Every structure is written in structure tokens, then in C-alpha cells.
Amino acid sequence: MGKATGFMEYEREESAAIKPKERIKNFDEFHTPLSLEKQRTQAARCMDCGVPFCQAGMMIKGMASGCPLNNLIPEWNDLLYNGNWQQAYNRLHKTSNFPEFTSRVCPALCEKACTCGLNGEAVCTKENEKAIIEKAYEEGWAAPKPPKVRTDKRIAVVGSGPSGLAVADQLNRRGHLVTVYERSDRVGGLLRYGIPNMKLEKHVIDRKIEVMKAEGVTFITDANIGENVKAKKLLEEYDSVVLACGASNPRDIKAPGRDANGIYFAVDFLKSTTKSLLDSGLTDGKYISAKGKNVIVIGGGDTGNDCVGTSIRHGCKSIMQLEMMPKPPVDRLPNNPWPQWPK
Ligand code: SF4
Ligand code: SF4
């Protein structure tokens, strides 16, 4: 385990966030990581629970609780505490293809289910994960490792979002020849264009794509299957085809005035900003701008919040966010106990 008495000795400490008035001046990530030593201290708080709810990834009362990837959290927390970073990376990579993405954008189900959170503060598992994967890149442990044997089976993966990339990574490791088709101009799907840059800087995706390319995965962009690439061609040229097209169809609402000007779907709004940011640093003017506008965002989930953060960075005049659910409580209610996902 981490340190037997660590959870009693050390307080939870998180990375520092740049102040809101500063962070809205750009689309950069805004957390400054703890020092490696401090991160190890945070790992020391892990109790190596007999039943590690953090990694359970199970459904409780219809809601996911614990890490859906079943990451071996107590193991790599212990390795991190003991300074065995490389082995911590090996254990992390065993269950997760992309810790560099999850450690930035996952809602940290592990922490909501952490036993330390029952009577105190949960272990900083998400930031421990980020420290491990960033150290792995720094040290070269996350460098390309092409498969030693090829099966010569050819597989097409349609879609380069997180599921398409994970499928491609797994199949390539098994020695199959994988080609990923992406309809957009850049690889990544919603990672690229759905999640704004301040939550996931896009060079993090590029870094992993370069590793995957060096390991033998081929990526073809601007390839919309059924439009400019025939589905028949894939069936003829590949032994198998995996559909990982995602769920990018927006949910519309039928309300009077829906056809008015100035109403956009979130993904179109967010994509236009990120594309312009990547193409030109937002100088090409080819994005839906909220500058000087009074903005209403309908939806209080992650995507709605991304639209709020993006509108504020554009320089909107005012912003209001509408959510159909009641305001969530500050603390858990008695009918929503640990280790359930807090409503
Ligand atoms: S932050 Fe990492 S360990 Fe925690 S639930 Fe997400 S993927 Fe799993
Ligand atoms: S539940 Fe928390 S304290 Fe227990 S093993 Fe998981 S991270 Fe460590």
C-alpha cells in the first residue's frame, strides 16, 4: 500500500488552477501540476483497500461507480509512492490505452468511490494518473513499441474518436495492419473537436497519434465513408471493418422560435472554435463567435459547461446557462451515500 498511515498524515492537495480572470484570456490548459515529490505524497494517502471501490467500475443504482477501465489504482498509487515510476506506468498502461486523455477529461469516478472520501478527502487518483503518464513520456517509456509479429490481416476502423483509437491500438498490438478512417480534417473525433483546448490541449492527441503511427497504424483523414469513400471498397480491401463512428448527432428541441437565427448545436459551436484555433490561432475569423453577444446555453452538463467557457473566452457580453434538473446539493444527500456517484 502507499504509506500505512499516509491518509491520516497528509491532506489532499491538488494542482493549482490559474485564476479565472487570467485563464479566460486564452484556450490553454490552466492547471499547474504538483511537484513529483508532492505527487508521491498524495499517492501515500492510498490505503490499498481490501475492496478497492475506486477501481470497481460497477453499476450501483443505475449509475457507474469507480473506474470504468478497472485501472489498477491501488497498485500504481503504491508504486508511485515508492518512486517506482516506470512500473507504475506499466501497470497503468495495462488497462488504459490513453491515460493522457482520461487524466485530463475523465470525471474521476475513481475519486467519487474512494474509501478515503467516506469520512474525508478522496485520494488524488486522477492527478496521480496524469503525473505517471507525463513522466512516462518524459522518460521515453511511452515511446513507440511496434508489434514484433504481423498477422497480415488488414482491418479498417471507421472513426478516430476515443473508441476508434482504442480499437486501433489494441488490434495493432496484436499484429494486425490497421487503417483508421476519419471524416474530419484531423484525427481525434470528439477528443479533437468536441472537447475544448483548455480541457485537452490538442498537442496531447498529436503526441499519441505520432506514437501510434510509428507503431504501424495508418490514419486517413477527410474520408467520409459512404460519401467520398465507398463502404464496398472497405469490405473488399479489408479482412474486417470496425465501426466506431461515435454519437455526434445533436439532440434537437422542438420549441417555438427554434428556427431563429443565432441558435447553434454545441458541437458545431465548439468545433468551429477549436478548428480556427488550430488552423490560425483564431485569426481567420472562421468560427461562430460569441463576442459581444448575450448568450444562453441550454444544458448544464459537461458540453454545456464547455460552451460557457468558450463563450466567455470569446468575450461574450453576458451568459446564462439553463439546466432542467434541480440545483445539485453541495454535499451528498442521505439517499445518495458513498460509493454511489454523487448526484
Ligand atoms: S480518472 Fe483515471 S483512474 Fe479515475 S476513473 Fe477516470 S480513467 Fe479511471
Ligand atoms: S478506494 Fe481510495 S484509498 Fe482505497 S485503494 Fe482506492 S484509491 Fe486507495
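Please read all numbers here as calculations on a predicted model, not as lab measurements. One-based numbering, in listed order, for ligands and for the atoms of each.
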Proximal atoms of ligand 2 relative to P74 (non-hydrogen, under 4.0 Å): 5 (S)
Contacting atoms of ligand 2, where contact means under 4.0 angstrom from a heavy atom of T115: 1 (S), 2 (Fe), 4 (Fe)
Plane angle bin for H314 and Y287 - parallel if under 30°, tilted between 30 and 60°, otherwise perpendicular: tilted
Ion pair check, R192 and D206, cut-off under 4.0 Å: yes
Gap separating the CD1 atom of I195 from the NZ atom of K202, nearest 0.5 angstrom: 6.0 Å
Residues which pass salt bridge (Lys or Arg N to Asp or Glu O under 4.0 Å) with K291, listed by chain and number, not counting sequence neighbours: none
For atom 3 (S) of ligand 2, the protein heavy atom that lies nearest, with its residue and separation: M47 N, 3.3 Å
Pairwise side-chain contact, K271 with S184, heavy-atom cut-off 4.5 Å (strictly under): yes
Qualifying ring-ring contact (aromatic ring centres under 6.0 Å, His included) pairs, either residue in residues 197-216, two or more places apart: none
Nearest-neighbour protein heavy atom for atom 4 (Fe) of ligand 2, which is reported as residue plus atom name and distance: C49 SG, 2.3 Å
Which residue and heavy atom of the protein sit nearest atom 6 (Fe) of ligand 2, plus the separation: C54 SG, 2.3 Å
Atoms of ligand 2, numbered as shown, that sit under 4.0 Å from any heavy atom of C114: 1 (S), 2 (Fe), 3 (S), 7 (S)
For atom 8 (Fe) of ligand 2, closest protein heavy-atom neighbour: C46 SG, 2.3 Å
Tally of protein N, O or S atoms, where distance to atom 8 (Fe) of ligand 1 is under 2.8 Å: 1
Which donor-acceptor pairs under 3.5 Å do the side chains of residues 252-261 make with protein atoms, sequence neighbours left out?
residue : atom : partner : partner atom : Å
D252    : OD1  : R258    : NE           : 2.6
D252    : OD1  : R258    : NH2          : 3.4

E100/R104 salt bridge by N-O under 4.0 Å criterion: no
Any donor-acceptor N/O pair, N172 side chain to E215 backbone, under 3.5 Å: yes
